[in-house]
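A quick write-up on the structure given underneath.
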Amino acid sequence: MTTLFISDLHLEESRPDITDAFLGFLENRARGVEQLYILGDFFEAWIGDDERTPLQEQVAQALKALSDSGTAIFLMHGNRDFLIGEDFCARAGATLLDDPTVVDLYGTPTLLMHGDSLCTADVEYQKFRKNMRNPQWQQMILQRPLEDRQQMARQLREISMAKNQGKEEFIMDVTPEEVVKVMEEHGVQRLIHGHTHRPAEHQLEANGKPARRIVLGDWDKHVWWLTVEPEKEPVLDKQPL
């Protein structure tokens, strides 16, 4: 039994190398595993399940093939693709997860998150996130014409890139106190998340006991994945893209 975790692929038409790497990952590494979790920012942008670009359809078909082969696929929203809905998940054979979600990983309760909600020092972003995750706001946006949403996505991306260039590094990383708070709220000793593009394993203390935070890597220059198996330590691994 094996469970794999990935995040922050940022799939988009301008990076066919990442798409090719992902398709190869599904065929060569994910085929035959018990579960595959994708913890957000799977796509660089998502403006609604009705867009259905060739890239989106290709990815959905590849995921569905893996699902049909017996691998359970779970997908969590990120800050780039929080409008992914049940229609896409049905086409991809995937189950949409809440952020956060606690799962039992071979006997170890494990908290899964995208990770952006942990970056509480970025007060401006947290206000933006709260608005973007409002179901009423999302419904209003999804009712707008596809062309309007495409333009909005381009504008939001440009604004985000400009603002991030001026932010200090610590602001865009997780707040340690928030990590402990969230882990204690959920009563877990292990947290897996993405978002920060800082792949690593961190030892900490939560609930008065040793705990571990595992950060997944982004698919820019490397393919990153986490392997979890029964009675073994999780292994964070990479290979050149």
Side-chain angles (χ1 to χ4, degrees), residues 4-31 33 35-99 112 114-116 129 132-133 135 137-161 194-195 197 216-220 222-225 241:
L4 300 179
F5 292 86
I6 58 175
S7 72
D8 299 280
L9 281 71
H10 296 273
L11 295 174
E12 58 179 329
E13 283 78 0
S14 65
R15 290 294 305 268
D17 56 331
I18 299 178
T19 302
D20 290 343
F22 174 64
L23 297 176
F25 179 86
L26 292 186
E27 188 61 38
N28 301 320
R29 195 167 297 279
R31 181 73 62 174
V33 306
Q35 302 173 117
L36 171 65
Y37 286 86
I38 305 171
L39 299 186
D41 282 2
F42 185 32
F43 290 91
E44 173 65 10
W46 194 272
I47 59 172
D49 290 2
D50 57 329
E51 188 177 32
R52 302 186 72 151
T53 66
L55 169 62
Q56 293 164 357
E57 292 298 276
Q58 181 185 27
V59 170
Q61 291 169 10
L63 286 174
K64 187 62 164 61
L66 181 66
S67 174
D68 289 345
S69 73
T71 297
I73 302 172
F74 300 93
L75 181 62
M76 182 177 283
H77 288 143
N79 53 295
R80 299 280 187 175
D81 52 12
F82 54 84
L83 289 177
I84 289 178
E86 295 294 350
D87 182 62
F88 172 78
C89 288
R91 300 201 309 271
T95 299
L96 196 58
L97 291 179
D98 291 334
D99 179 4
L112 308 181
H114 174 56
D116 57 331
R129 183 184 190 277
M132 296 300 104
R133 299 302 179 99
W137 180 90
Q138 292 184 1
Q139 191 60 35
M140 179 183 68
I141 292 299
L142 291 172
Q143 290 173 349
R144 296 175 63 176
L146 186 61
E147 294 77 12
D148 288 358
R149 282 178 274 148
Q150 290 171 333
Q151 177 64 22
M152 183 187 73
R154 287 191 290 269
Q155 291 174 342
L156 286 175
R157 184 178 178 184
E158 291 172 0
I159 292 171
S160 174
M161 292 176 65
H195 178 66
H197 298 191
L216 306 173
D218 64 298
W219 290 34
D220 181 21
H222 293 88
V223 171
W224 284 94
W225 71 95
L241 190 66

Say you draw a straight line from [atom1] of [X] to [atom2] of [Y]; how long is it, rounded to the nearest 0.5 Å?
X      : Y      : atom1 : atom2 : answer
Thr95  : Glu86  : OG1   : CD    : 8.5 Å
Thr53  : Glu13  : OG1   : CD    : 4.5 Å
His197 : Trp219 : NE2   : CH2   : 13.0 Å
Leu23  : Asn28  : CG    : CG    : 10.5 Å
Leu39  : Leu216 : CG    : CG    : 5.5 Å
His10  : Asp218 : NE2   : CG    : 6.0 Å

Should [X] and [Y] count as side-chain neighbours, where that means a heavy-atom distance under 4.5 Å?
X     : Y     : result
Asp49 : Gln56 : no
Phe88 : Asp81 : no
Glu51 : Leu83 : no

Of all heavy-atom pairs between [X] and [Y], which one has the smallest distance, and what is that distance?
X      : Y      : value
Gly40  : His114 : CA-ND1, 3.6 Å
Arg31  : Glu27  : NH2-OE1, 3.0 Å
Ala30  : Leu4   : CA-CD1, 3.8 Å
Ala92  : Ser67  : O-CB, 4.2 Å
Ile84  : Leu96  : O-CD2, 3.9 Å
Ala153 : Ile47  : CB-CG2, 3.6 Å

Pairing residues for [X] by the side-chain contact (heavy atoms from CB on, under 4.5 Å) criterion, not counting sequence neighbours:
X      : result
Arg133 : His77, Phe82, Asp116, Arg129, Gln138
Asp148 : Arg144, Pro145
Arg154 : Gln150, Gln151

Name the orientation class of the two ring planes belonging to Tyr37 and Phe74 (parallel below 30°, tilted from 30 to 60°, perpendicular beyond 60°). parallel
For the pair Trp46 and Phe43, name the ring-plane relationship: parallel under 30°, tilted 30 to 60°, perpendicular over 60°. tilted
Exam field: side chain Asp41 to backbone Asn79, donor-acceptor pair closer than 3.5 Å: yes
Is it true that, when you exclude Asp98 itself, more than 12 heavy atoms of the residues, nucleotides or ligands shown sit nearer than 6.0 Å to its CG? no
Test log, rule side chain to side chain contact (heavy atoms under 4.5 Å, CB included), inputs Arg91 and Arg52: CA-CA 11 Å; Arg91 300 201 309 271; Arg52 302 186 72 151; 3.2 Å; yes
Let's go through Gln58 and Leu11 carefully: what are the C-alpha distance in whole Å and the side-chain angles of both, what is the deciding distance for side chain to side chain contact (heavy atoms under 4.5 Å, CB included) to 0.1 Å, and is it a yes or a no? CA-CA 11 Å; Gln58 181 185 27; Leu11 295 174; over 6 Å; no
SB check Arg80 Asp8 (cutoff 4.0 Å): no
Apply the test side chain to side chain contact (heavy atoms under 4.5 Å, CB included) to residues Arg29 and Ile6: give CA-CA distance (whole Å), side-chain angles for both, the deciding distance (0.1 Å), then the verdict. CA-CA 12 Å; Arg29 195 167 297 279; Ile6 58 175; over 6 Å; no
Hey, mind stepping through Phe25 and Leu36 against side chain to side chain contact (heavy atoms under 4.5 Å, CB included) and telling me if it holds? CA-CA 11 Å; Phe25 179 86; Leu36 171 65; 4.2 Å; yes
Candidate list Ile73, Val59, Leu63, test side chain to side chain contact (heavy atoms under 4.5 Å, CB included), partner Leu26, passing option: Leu63
